[in-house]
Structure formats: C-alpha cells, structure tokens
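Have a look at the structure below, then the notes.
Just so we're on the same page: letters track the sequence lines, and every chain starts at 1.
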Amino acid sequence: MIDAKAARNDPDVYRVALARKGAAEAFDAWLTADERWRELVPRVDDLRSRQKLQGKPTPEQVEELKQIKEELRETEQELAAAEADRDAALEALPNPPHPDVPDGDTEDDAVEIRRWGELPALEHPRDHLELGRFEMERAARLSGSRFGYIVGDSALLEQAIFRLAVSRLVDDGFTLMRPPVLVREQAMYGTGFFPTEKSNIYEIPTDGLYLTGTSEVGLAGFHMDEILDAEALPLRYAAYSTCFRREAGAAGKDTRGMLRVHQFDKVEMFVHCRPEESWDEHERLLAIEEELAQAVGLPYRVVDIAAGDLGAPAARKYDVEAWFPSQERYREITSCSNTTDFQARRLQIRYRANGGPQPVHTLNGTAATDRWLLAVLENFQREDGSVDVPEVLREHGAPAEISR
RNA sequence: GGAGGGGUGGCAGAGCGGUCGAAUGCGGCGGUCUCGAAAACCGUUUCGGGCGGUUUCGUCCGACGAGGGUUCAAAUCCCUCCCCCUCCGCCA
C-alpha cells in the first residue's frame with residue numbers, strides 16, 4: 001500500500017502518478033474516505049479520554065460516565081465504518097510508477113532497452129517438443145492439461161540451469177532458501193497476491209492452505225512484522241522452489257508444450273534494502289539476469305514495462321525476453337520489479353532509521369525457470385534436430401548433447 | 001487421531017478488575033571511571049495513529065495472539081477463532 005501521510009501532503013503528485021496506472025478516481029475516493037476518517041478520530045479520542053478515570057468514581061461520576069459510554073459506542077461505530085471504507089480504498093491503490101516508466105497500458109507499450117546476442121540462423125527451427133524429451137500426453141493422463149514430464153537428458157539440462165543460477169547467486173552473496181510452497185491465506189493477503197490473483201492460485205480447502213505461484217511469497221513473508229537491523233541491509237535471498245499457477249484466463253494461450261504450465265520450477269531473487277538503495281538494487285537484479293542469459297548464451301532483449309501494464313505492487317519492471325526461433329519472437333524468461341515500500345508497508349517489514357522505524361524497499365526478480373530450458377533447446381539446436389548444449393551448462397551437469 | 005500446556009516489550013519472565021504500556025533479569029544505547037578495555041555504578045530503551053511544531057519535539061488516543069462480550073473501568077472475567085509447544089499413537 002502507499003504512504004498515506006505522503007499522499008495526503010502531496011495529493012496532486014500522487015494523483016498524476018496513479019493516473020498512469022488508471023487509478024486517479026480510486027485515489028480521489030481514498031482521499032474522501034480518509035478525510036471522513038480523520039474527522040472522526042479526534043472525536044473518539046476525546047470521548048475516550050473523558051471516559052478514563054483513575055480509581056473509584058463517585059456515584060455521580062458513574063452516571064456521567066455511563067452517558068459518555070453511550071455516545072462513545074455510537075461514535076466508535078461510525079469510526080469503524082469509516083475506517084473500513086478508508087482501508088478498502090487504500091488497498092485498491094497501486095504503487096505509483098517511477099517517473100521514467102514508459103506510458104501505455106499493454107505489453108506492446110513496453111520500451112525495448114537493448115538487445116544482446118545473435119539470433120541463430122535456422123532453416124527449419126523446431127520447438128522444444130521436437131528437441132527435448134517431454135511427456136505431455138502421459139502427464140495429461142496423470143494430471144490433466146498443462147502438465148508435463150521432463151525426461152532424461154532434458155531433465156539433466158534443466159537441473160544444470162538451476163544449478164548455474166543458484167551458484168551465481170550464492171557467489172553474489174545471496175542466501176539460498178528452500179521455502180514452504182504451501183501457505184496460509186494470511187500469507188497470500190500479506191504478500192499482496194490476494195485478493196487480485198486469487199483466481200490463479202490453487203487451494204487446498206481441507207487444510208485451508210494455498211500453493212504458491214512463486215517463491216516470492218515465501219521470501220517476502222520471511223520477515224513479515226519484523227523490524228530489521230539496519231546494518232544487515234541489504235538482505236539478498238534466493239529461493240529454488242516449485243511454482244503452481246492455475247493460468248485462469250489464459251485459455252487457448254500457449255497451449256502447446258511446456259511454455260505455460262500449471263507447475264514449474266524457478267530460482268527467484270528477493271531483496272530487502274534501504275529506500276535510497278533500491279533503484280541501484282533494481283539495476284543490479286537486472287544485471288544478474290542478463291549475466292545469466294549471457295553466460296548461457298541466449299539471445300535476448302530487455303524491455304521496460306509500461307506503467308499501465310505493471311502489476312499493482314511494481315513501481316518499475318524489466319523483463320528479459322529470450323528469442324524463441326520456433327515462434328520467431330522474444331518471450332519472457334525473467335522479470336524483475338522494484339516494489340519500493342509497497343509490499344513492505346503491507347507486510348510491516350521495517351528497519352530502524354534515524355527518525356524511527358520505516359518500511360524497507362523490496363525487490364524481486366527471476367534468476368531462471370523451466371522456460372530457460374526451452375530457450376536453450378531452441379537456440380542451440382542443430383539442423384538435424386540435436387542440441388549442442390552450452391559449455392557452462394555441461395560444467396553444471398548437463399549432457400553435451402541432447403537428442404530425443 | 002488421543003491427552004495436556006501455553007501465547008505479555010529485542011529475549012527471558014512477573015502481573016490475574018482501577019494507581020499496569022506493564023515489575024525484575026538479560027540484551028541494546030548514553031554516561032562516570034580508565035592510557036584504552038573489562039568489571040562496577042548511574043541513566044535510558046516498545047509500536048501504531050490523530051492534532052500541533054517541524055530532522056531526532058509536544059500532546060491526546062490505541063495496542064499484553066485476533067475478534068466479540070460483561071463493566072463506569074479489562075493484560076486481568078466470559079465467548080469464538082487463530083497460533084505455538086509437550087506426551088502417546090500412526091506414518092515417514
């Protein structure tokens with residue numbers, strides 16, 4: 001959530017920024033609700049202070065106090081209602097975008113920042129199903145559509161990608177975690193995935209638990225309700241976990257193969273830092289993502305996501321998109337966001353600054369996912385359908401060559 | 001699955017209707033002492049919100065797992081929920 005005090009002090013600045021995410025009206029609604037709330041607060045506080053009394057009251061005082069009690073009960077009810085309105089209005093507001101974020105509302109409005117690598121020259125590019133070994137039909141028999149087995153050398157290659165990513169991150173000072181992927185509803189709300197992403201999350205009703213769609217939940221929730229030691233910042237975490245997504249609303253999209261499945265694995269980065277460091281950290285995360293793509297040798301481009309296409313928590317987001325020869329286009333393989341204090345405020349993750357505790361900034365980014373496997377297969381394929389695995393991945397346990 | 005114990009400040013741990021935002025110990029911070037340090041001693045040390053002043057301020061309100069209730073008054077009594085722990089059984 002946004003900083004209410006700052007927004008009250010500078011409503012025009014906030015309105016203009018939020019308008020870029022289509023939330024100008026929502027902001028005005030919050031301002032109105034907030035004003036109403038602030039009108040009631042002093043009234044309730046005053047009644048409460050009159051109600052306070054040290055020691056035993058005289059019978060006359062008891063009569064007077066009973067009257068105050070009645071009045072207080074009514075006013076408190078009004079306040080509670082006003083507070084609910086105000087909180088609901090506040091929670092509906094997205095994080096204002098960074099000023100440099102491009103305008104626009106769709107994927108196509110993203111601005112390309114740079115390209116790296118040479119596109120492979122292929123007469124007849126095959127896609128991953130024709131290059132690696134994936135068992136889609138058997139998986140469907142077992143689990144339904146949008147599930148897949150990754151088999152044999154393909155699975156070894158996948159593991160090598162994750163091992164490469166993890167060792168790079170550990171070398172960079174990230175602490176590796178294996179987080180729970182089954183979490184409570186409270187954690188989903190706290191990390192901001194509920195209510196907006198609810199339709200994309202698997203639920204285990206028997207136990208009231210939910211499968212996380214990203215280990216960001218586990219990493220963001222790790223320090224929930226804590227006041228961190230300022231000296232310890234920045235805290236850089238990496239998690240390797242399975243991710244579960246229902247892909248509601250993606251019907252008909254990427255239905256072939258494993259590009260978009262209900263279950264995949266991911267190495268995720270997550271940073272808690274001081275506010276003044278977060279934009280540098282954001283560039284750093286992007287740099288790590290690019291380094292990994294370069295280490296593997298995937299041709300890619302970096303895009304700066306348009307304001308209206310950012311999720312609610314992100315103030316800025318870069319995607320790294322790898323070239324997929326079979327589709328003749330770039331597809332997202334990583335994404336890194338600076339959520340500034342938006343997530344930290346909601347999760348109450350703070351650090352001790354000079355003026356007292358204040359929210360940290362949090363950032364998240366992808367280091368590698370199963371999609372990287374597909375990108376590697378496609379980009380290093382030979383005309384005969386075999387795949388020449390990059391040396392760096394062989395060093396991490398991948399076979400030198402993949403064929404079906 | 002069965003039986004029991006418990007949730008209080010950074011931690012440990014008292015309090016069990018008003019004088020308790022909360023004893024005490026540890027830790028942290030500042031100071032005295034010292035060439036310096038340790039020890040000792042003195043002081044200080046929760047978070048959130050409104051309003052006012054405005055870099056480390058004042059004032060009022062709220063918070064003792066969460067939410068309701070009783071009462072003039074609740075950390076303390078009642079109800080509901082959540083969480084943690086121990087033992088037994090079962091399964092890894």
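Sequence order on RNA chain B of the closest nucleotides to A:Ile227 and A:Gln186 puts A:Ile227 first from the 5' end. Each of A:Val44 and A:Val41 was matched to the nucleotide of RNA chain B holding its nearest heavy atom; the match closer to the 5' end belongs to A:Val41.
Between A:Tyr237 and A:His272, the ring planes are perpendicular. Angles over 60° get that label, and only those under 30° would be called parallel. Under the 30°/60° scheme for interplanar angles, the aromatic rings of A:His282 and A:Trp279 are found to stand perpendicular.
B:C64 and B:A23 have their C1' atoms separated by 14 Å, given to the nearest Å. For the P atoms, the distance from B:G67 to B:A74 is 15 Å, rounded to whole Å. Between B:A14 and B:U24, the distance separating the two C1' atoms is 7 Å to the nearest Å.
The side chain of A:Arg48 has B:C61 as its nearest neighbour among B:G50, B:C61, B:C47. Listed nucleotides B:C51, B:C60, B:G48 differ in distance to A:Asp45; the shortest reach to its side chain belongs to B:C60. Of the candidate nucleotides B:C61, B:G49, B:U70, B:U70 has the atom nearest to the side chain of A:Arg73.
Residue A:Arg38 has no polar side-chain atom (N or O) positioned under 4.0 Å from OP1 or OP2 of B:G49. Residue A:Arg8 places at least one side-chain N or O closer than 4.0 Å to OP1 or OP2 of B:G50.
Counting only distance, with no hydrogens or angles, the side chain of A:Asp85 and the backbone of A:Ala82 share no donor-acceptor pair below 3.5 Å. Although no hydrogens or angles enter the test, the distance criterion places a donor-acceptor pair under 3.5 Å between the side chain of A:Glu289 and the main chain of A:Thr366.
A:Arg184 comes within contact range of the sugar-phosphate backbone alone, with a heavy-atom separation under 4.0 Å but no base atom that close.
Look at B:C72: its Watson-Crick or wobble partner, with both distances under 3.5 angstrom, is B:G18.
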